[in-house]
Amino acid sequence: MAALKLDSLLENMRTTLSDVDVRRQPEWDLPTLEHAKARLQWLAADALQAMNLIDELLEQRAED
């Protein structure tokens with residue numbers, strides 16, 4: 001179960017990260033900065049959850 005959830009989280013993180021830099025110009029305008037910040041906040045939450053799942057999987061492997 002944890003492995004499937006980790007796979008899903010990592011895929012969501014890839015998708016979110018691909019959407020972070022949506023600039024059409026070389027400068028960062030305010031809406032683009034806000035958009036990037038929101039996406040990175042999602043990434044941070046997903047990354048923490050993924051790290052916890054990895055710890056869980058490592059503990060399971062150590063017990064086997």
Side-chain angles (χ1 to χ4, degrees):
M1 180 70 174
L4 290 175
K5 190 164 186 173
L6 179 59
D7 288 341
S8 176
L9 274 171
L10 292 174
E11 183 57 35
N12 286 343
M13 290 171 69
R14 283 184 205 98
T15 302
T16 300
L17 188 56
S18 71
D19 191 37
V20 167
D21 186 357
V22 293
R23 292 178 290 170
R24 302 207 192 307
Q25 304 294 324
E27 301 86 24
W28 286 88
D29 61 4
L30 185 59
T32 304
L33 284 170
E34 290 172 349
H35 174 82
K37 183 178 179 181
R39 293 299 189 258
L40 291 170
Q41 287 171 330
W42 290 358
L43 277 175
D46 283 351
L48 180 59
Q49 189 174 3
M51 288 185 290
N52 290 334
L53 286 170
I54 289 169
D55 287 342
E56 182 181 324
L57 289 168
L58 289 170
E59 287 176 16
Q60 289 175 3
R61 301 282 167 128
E63 292 173 0
D64 291 343

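Every heavy atom of this structure was used, including side-chain atoms; hydrogens, water molecules and symmetry mates were not.
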**Q** If two hydrophobic side chains count as joined below 4.5 Å and joins carry through other members, does L17 share a cluster with M51?
**A** no
**Q** Say whether L57 and L9 are linked into one hydrophobic cluster, either directly or through other cluster members, by side-chain heavy-atom distances under 4.5 angstrom.
**A** yes
**Q** By side chain to side chain contact (heavy atoms under 4.5 Å, CB included), which residues pair with A47, not counting sequence neighbours?
**A** M13
**Q** Quick one: CG on D29 to OG1 on T32, what's the gap to the nearest 0.5 Å?
**A** 3.5 Å
**Q** Answer yes if M1 and L58 sit in the same cluster of Ile, Leu, Val, Met, Phe, Trp and Tyr residues linked by side chain heavy atoms under 4.5 Å apart, and no otherwise.
**A** no
**Q** Considering only residues two or more places apart or on different chains, which pairs with a residue in residues 37-55 satisfy side chain to side chain donor-acceptor pair (under 3.5 Å)?
**A** D19-R39
**Q** Going by the rule side chain to side chain contact (heavy atoms under 4.5 Å, CB included), which residues pair with A36 if we only count those two or more places apart in sequence or in a different chain?
**A** V20, W28
**Q** Specify the closest pair of heavy atoms between L53 and A2, including all atoms of both residues, with the distance to one decimal.
**A** CD2-CB, 3.9 Å
**Q** Would you list the pairs meeting side chain to side chain donor-acceptor pair (under 3.5 Å) in which at least one residue belongs to residues 3-13, sequence neighbours left out?
**A** E11-R14
**Q** When clusters are formed from ILVMFWY side-chain contacts under 4.5 Å, directly or step by step, what else is grouped with L4?
**A** none
